[in-house]
Amino acid sequence: MRTPFVAGNWKMFTTADSARKLATAAVAGVGQDQRVRVAVAPPFPYLALVGEVLKGSPIALSGQNLYPEKEGAFTGEVSTAMLLDVGCKYVILGHSERRHKLGENDLFINRKVNAALAAGLRVILCVGETLEEREADHTEAVLERQLTLGLADVPTSPDLHERVVIAYEPVWAIGTGRNATPDQAQLAHAFLRARVGQLLGATFASQFLIQYGGSVKPDNAASLLKQPDVDGALVGGASLNADHFLAIVRAAL
Ligand code: 13P
């Protein structure tokens with residue numbers, strides 16, 4: 001039985017004040033209910049203050065990125081130790097905005113995945129095809145490449161399913177209001193689960209979580225989340241509204 005996992009990716013939104021209010025409302029809405037795993041990923045400058053608000057709540061704190069070196073002259077970058085220091089349990093890696101707007105490739109993302117796991121952070125690894133790739137019928141090839149290269153050299157262990165979450169985020173569905181249909185999401189998720197099974201073993205494949213991300217809203221969340229291989233959501237825009245985010249968390253029940 002996989003516990004659903006809903007995470008809010010706040011991207012480059014919020015202020016200190018709105019981040020505090022959003023986190024406070026999420027904490028009140030979730031209470032001590034742990035039937036759905038919940039995380040929020042604020043921008044770096046607000047991680048510590050949101051972490052304070054989350055104390056005592058089951059909502060986990062997540063970074064949106066990291067740099068895969070322990071420390072050093074890497075101006076503007078953030079290390080695994082810094083994320084852990086401010087209370088992060090998760091980090092989002094390989095997000096399509098970092099792949100396509102900031103030029104990250106699979107090898108660099110893989111370095112980050114391994115650095116995060118070695119440091120004890122849990123990884124949400126995002127994969128997903130562009131519209132062009134989907135229309136050229138390359139969806140599975142792209143997912144296969146991003147998954148295989150992204151997870152290369154990941155150390156296997158019995159608790160790997162706790163430490164690695166995959167987020168299927170079709171690029172054409174992100175911030176566009178155009179979500180994948182439940183059938184499209186299910187097909188991609190089933191493909192990812194099968195491929196992960198070949199890479200990391202059948203036990204892991206049956207246990208690990210695959211979130212769907214891309215224009216998840218309160219009114220489409222339930223139909224996406226009831227697909228057998230959709231284990232939760234990685235929510236962008238709707239996670240900036242506490243009522244909408246909490247409605248999506250409830251839809252995961
Ligand atoms: P939207 O929910 O705004 O489409 O963003 C999805 C996303 O990129 C989450 O990481």
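In listed order, ligands and their atoms are each counted from 1.
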Is G237 in polar range of ligand 1, meaning some N or O pair under 3.5 Å apart? yes
Would you say the side-chain atoms of E132 and W172 include a donor-acceptor pair closer than 3.5 Å? no
If you measure every N or O of G175 against every N or O of ligand 1, does any of those distances drop under 3.5 Å? yes
How far is atom 2 (O) of ligand 1 from the closest protein heavy atom, and which atom is that? G236 N, 2.9 Å
Looking only at non-hydrogen atoms, find the nearest pair between V86 and A48 and report the distance. CG1-CB, 4.2 Å
Looking at ligand 1, does any of its N/O atoms fall within less than 3.5 Å of an N/O of K217? no
Which of the atoms in ligand 1, numbered in the order shown and given with their element, are less than 4.0 Å from a heavy-atom of G214? 4 (O), 6 (C)
When you check the gap from the basic side-chain N to the acidic O, do E140 and R195 get nearer than 4.0 Å? no
Would you say S215 and ligand 1 have an N/O pair spaced under 3.5 Å apart? yes
Counting from 1, what ligand 1 atoms have a heavy atom of A173 closer than 4.0 Å? 4 (O)
Distance to 0.1 Å, residue and atom name: give those for the protein heavy atom nearest to atom 9 (C) of ligand 1. E169 OE2, 2.9 Å
Going by atom type alone, with no hydrogens or angles, which donor-acceptor pairs under 3.5 Å involve a side-chain atom of residues 66-84 and a protein atom two or more places apart or on another chain?
{"from": "E69", "atom 1": "OE2", "to": "R111", "atom 2": "NH2", "distance (Å)": "2.9"}
{"from": "S79", "atom 1": "OG", "to": "A81", "atom 2": "N", "distance (Å)": "3.4"}
{"from": "S79", "atom 1": "OG", "to": "M82", "atom 2": "N", "distance (Å)": "3.1"}

Would you mind listing which atoms of ligand 1 come within a distance below 4.0 Å of any non-hydrogen atom of N9? 9 (C), 10 (O)
Protein contact of atom 5 (O) of ligand 1 - nearest heavy atom, named by residue and atom, plus distance: K11 NZ, 3.2 Å
Under 3.5 Å between any N/O of A238 and any N/O of ligand 1: does that happen in this structure? no
Which label fits Y168 and H189: parallel for a plane angle under 30°, tilted from 30 to 60°, or perpendicular past 60°? perpendicular
Examine R193 relative to F208 and say whether NZ or CZ is less than 6.0 Å from the centre of the six-membered ring and inside a 45° cone about the ring axis. yes
So V40 and S62, do their side chains get closer than 4.5 Å, heavy atoms only? no
Pair E162 + R37: basic N to acidic O under 4.0 Å: yes
